[in-house]
*Asks:* 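I have a structure I would like to understand better, so I am pasting it below and will then ask my questions one at a time.
Side chains included, hydrogens not; waters and symmetry mates left out as well; all remaining heavy atoms used. Start at 1 and go down the list; that is how both ligands and their atoms are numbered. Nothing fancy with the numbering, it's 1 onward along the sequence.
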Amino acid sequence: MMNERLAAMQKKVKKHLDAQRYQHTMGVMYTAGALAMRYEIELEKALTAGLLHDCAKCISSKQKIKLCRKNDIPVSEVEAANPGLLHAKLGAYIAEKKYHIKEPEILCAIRCHTTGRPAMSTLDKIIYIADYIEPGRPPLPNMPVVRKLAFQDLDACMRRLLEDSLVYLESKNMPIDPITERTYQYYRNLDED
Ligand code: DGI
Ligand code: FE
Ligand code: FE
């Protein structure tokens, strides 16, 4: 681990996740680190955001809703029906309150890591992408292409991942979050210039 602050956070994260989720978290953290080197953003910010992105993932659905209500975090209709989505927002809240993260860029990357958002920052995109391509992910059909693309062109990689995600969600008959849809429209339109 590169410094004591990160090492302490890592220990705490481990306590709040199951073994599989912790393994995934380590994969995302180091993959985000590699992408930060490639795209020349601050390494520690990428490692921290990767480490904390799923810190709320292992909270039960009921508890997620309860925590949002208690802390004035708005819950949309789609989120109420799919409380799993809330781990991103709630994760940003916990990162701030329990891990004392002050950098708004890190909190933003955690908050938007599941749905994305239009015009994401480089750090936002790195976390979104690292979440999909980390070595522990079960191999998706397009994985080799997407992994290579991640190190070539972040926007093209976003478009590709969003496209694949929407197809996946539709195939499972899962309601699309309006933010996921808007994010996809944004990255699809970027290519048309
Ligand atoms: O937390 P992870 O599993 O590492 O990854 P994630 O934060 O991208 O969450 C993935 C889950 O989120 C997956 O089960 C699909 C779901 N998801 C992502 N976008 C949407 C969505 N679910 C719905 N209903 N609508 C969405 O737009
Ligand atoms: Fe997640
Ligand atoms: Fe994740």
*Asks:* Counting both backbone and side chain atoms, is some N or O of H53 under 3.5 Å from an N or O of ligand 1?
*Replies:*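 By distance alone, the answer is no.
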
*Asks:* If we only count N/O pairs under 3.5 Å, is H24 in contact with ligand 1?
*Replies:*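 By distance alone, the answer is yes.
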
*Asks:* With heavy-atom distances below 4.0 Å as the criterion, list the atoms of ligand 1 near T180.
*Replies:*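 The list of qualifying atoms is 19 (N), 26 (C), 27 (O).
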
*Asks:* Heavy-atom distances under 4.0 Å are what count here, so tell me which part of T115 touches ligand 1: side chain, backbone, both or neither.
*Replies:*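 Under 4.0 Å from ligand 1, T115 contributes no heavy atoms.
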
*Asks:* For ligand 1 and Y168, I'd like to know whether there is a polar contact (N/O to N/O, distance under 3.5 Å).
*Replies:*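 The answer is no, given that Y168 and ligand 1 share no N or O pair closer than 3.5 Å.
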
*Asks:* Who's the nearest protein heavy-atom neighbour of atom 9 (O) of ligand 1, and how far?
*Replies:*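 Its nearest protein heavy-atom neighbour is T114 CG2, 3.7 Å.
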
*Asks:* How many angstroms lie between NZ in K14 and OH in Y22, if you round to the nearest 0.5 Å?
*Replies:*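 Result: 5.0 Å between the selected atoms.
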
*Asks:* Might you confirm whether atom CD of Q152 has over 12 heavy atoms from other residues, nucleotides or ligands at distances under 6.0 Å?
*Replies:*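 Atom CD in Q152 is crowded, with more than 12 foreign heavy atoms closer than 6.0 Å.
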
*Asks:* Below a 4.0 angstrom heavy-atom separation, can you tell me which part of V28, side chain or backbone, both or neither, approaches ligand 1?
*Replies:*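 For V28, there is no contact with ligand 1 at all, from either part.
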
*Asks:* What part of V78, side chain from CB on, backbone N/CA/C/O, both or neither, has a heavy atom under 4.0 Å from ligand 1?
*Replies:*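 None of V78 does.
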
*Asks:* Can you check whether H24 reaches D131 side chain to side chain, under 4.5 Å on heavy atoms?
*Replies:*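 Yes, side chains in contact.
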
*Asks:* Should the heavy atoms of other residues, nucleotides or ligands under 6.0 Å from CD of E163 be counted, would the total exceed 12?
*Replies:*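 Count over threshold, so yes.
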
*Asks:* Under 4.5 Å between side-chain heavy atoms, counting indirect links through other Ile/Leu/Val/Met/Phe/Trp/Tyr residues: same cluster for F151 and Y128 or not?
*Replies:*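 Hydrophobic grouping puts F151 with Y128.
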
*Asks:* Tell me which protein heavy atom sits closest to atom 5 (O) of ligand 1, plus the residue, atom name and distance to 0.1 Å.
*Replies:*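 Residue, atom and distance for the closest contact: D131 OD2, 3.3 Å.
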
*Asks:* Check this for me, if you would: do K45 and E105 make a salt bridge, where the nitrogen-to-carboxylate-oxygen distance has to be below 4.0 angstrom?
*Replies:*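 Salt bridge between K45 and E105, a charged N being under 4.0 Å from a carboxylate O: yes.
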
*Asks:* The Fe ion (ligand 2) is nearest to which N, O or S atom of H87?
*Replies:*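 Closest N, O or S atom of H87 to the Fe ion (ligand 2): NE2.
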
*Asks:* Within ligand 1, which atoms have a heavy atom of I176 less than 4.0 Å away?
*Replies:*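 In order of number, 25 (N), 27 (O).
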
*Asks:* So do K98 and K12 actually touch side chain to side chain, heavy atoms under 4.5 Å?
*Replies:*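 They are in side-chain contact.
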
*Asks:* Of all the N, O or S atoms in D54, which has the shortest distance to the Fe ion (ligand 3)?
*Replies:*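 Result: OD2.
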
*Asks:* Relative to the heavy atoms of R21, which atoms of ligand 1 are at a distance of less than 4.0 Å?
*Replies:*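 That gives atoms 1 (O), 2 (P), 3 (O), 4 (O) of ligand 1.
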
*Asks:* Would you give the length of the straight line joining atom CD1 of I129 to atom CE of M158, rounded to the nearest 0.5 angstrom?
*Replies:*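 Going from CD1 on I129 over to CE on M158, the span is 5.5 Å.
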
*Asks:* What atoms of ligand 1 come closer than 4.0 angstrom to any heavy atom of K57?
*Replies:*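 In order of numbering, the contacting atoms are 1 (O), 2 (P), 3 (O), 9 (O).
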
*Asks:* At under 4.0 Å between heavy atoms, is it the side chain or the backbone of E79 that contacts ligand 1, or both, or neither?
*Replies:*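 Looking at E79 and ligand 1, no heavy atom falls under 4.0 Å.
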
*Asks:* Counting only heavy atoms closer than 4.0 Å, does ligand 1 sit against the backbone of E134, its side chain, both, or neither?
*Replies:*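 It is neither part, as no heavy atom is under 4.0 Å.
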
*Asks:* In this structure, which one of L52, L51, V13, T48 forms a side chain to side chain contact (heavy atoms under 4.5 Å, CB included) with M29?
*Replies:*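 Only one option passes, and that is L51.
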
*Asks:* Looking at D177, which atoms of ligand 1 are within less than 4.0 Å of one of its heavy atoms?
*Replies:*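 Answer for ligand 1: 25 (N), 26 (C), 27 (O).
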
*Asks:* Please could you name the atoms of ligand 1 that L85 approaches to less than 4.0 Å, counting only its heavy atoms?
*Replies:*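 Answer for ligand 1: 17 (N), 20 (C), 21 (C), 22 (N).
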
*Asks:* Mark yes or no for whether H113, through its side chain, and I110, through its backbone, hold a donor-acceptor pair below 3.5 Å.
*Replies:*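 Yes; at least one donor-acceptor contact below 3.5 Å.
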
*Asks:* Under a 4.0 angstrom heavy-atom cut-off, which atoms of ligand 1 come close to R137?
*Replies:*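 In order of numbering, the contacting atoms are 2 (P), 3 (O), 4 (O), 5 (O).
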
*Asks:* Scan the protein's non-hydrogen atoms and note whether one is under 4.0 Å from atom 13 (C) of ligand 1.
*Replies:*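 False for atom 13 (C) of ligand 1.
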
*Asks:* How does N82 reach ligand 1, if at all, at less than 4.0 Å between non-hydrogen atoms: by side chain, backbone, both, or neither?
*Replies:*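 Near ligand 1, N82 shows its side chain, while the N, CA, C and O stay back.
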
*Asks:* Give a rough value, rounded to 10 degrees, for the angle at the Fe ion (ligand 3) between atoms NE2 of H24 and OD1 of D131.
*Replies:*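 The NE2/OD1 angle about the Fe ion (ligand 3) sits at 80°.
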
*Asks:* Please check whether Y132 reaches ligand 1 - meaning an N/O of the residue sits under 3.5 Å from an N/O of the ligand, judged on distance alone.
*Replies:*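 In this structure, Y132 places no N or O atom under 3.5 Å from an N or O of ligand 1.
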
*Asks:* Of all the atoms in ligand 1, which lie at a distance below 4.0 Å from a heavy atom belonging to H87?
*Replies:*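 Checking each atom against H87, I get 1 (O), 7 (O), 9 (O).
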
*Asks:* Return yes if a side-chain donor-acceptor contact under 3.5 Å exists between Q185 and R188, otherwise no.
*Replies:*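 A pair is found: one side chain offers a donor N or O, the other an acceptor, under 3.5 Å apart.
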
*Asks:* In plain terms, say whether K64 and E79 are close enough for a salt bridge, that is, a side-chain N and a carboxylate O under 4.0 Å apart.
*Replies:*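 Salt bridge: no.
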
*Asks:* So which bit of D54 gets within less than 4.0 Å of ligand 1, heavy atoms only: side chain, backbone, both or neither?
*Replies:*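 Just the side chain.
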
*Asks:* Hey, does the side chain of D18 reach the backbone of R21 with a donor-acceptor pair shorter than 3.5 angstrom?
*Replies:*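 Present.
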
*Asks:* Looking only at distances, please establish whether an N/O atom of ligand 1 is found under 3.5 Å from an N/O atom of P175.
*Replies:*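 Indeed, backbone or side chain, P175 has an N or O that close.
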
*Asks:* Would L86 and L107 show up in the same hydrophobic cluster when neighbours are defined by side-chain heavy atoms closer than 4.5 Å?
*Replies:*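 Unlinked, L86 and L107 end up in two clusters.
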
*Asks:* Just how far is it from atom CG of L166 to atom CG of L162, taken to the nearest 0.5 Å?
*Replies:*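 It is 6.5 Å, given to the nearest 0.5 Å.
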
*Asks:* Any Lys/Arg nitrogen of D155 or K125 sitting under 4.0 Å from an Asp/Glu carboxylate oxygen of the other?
*Replies:*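 Salt bridge flag = yes for K125 with D155.
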
*Asks:* For atom 20 (C) of ligand 1, what is the closest protein heavy atom, and at what distance to 0.1 Å?
*Replies:*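 In this structure, atom 20 (C) of ligand 1 has L169 CD1, 3.5 Å as its nearest protein heavy atom.
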
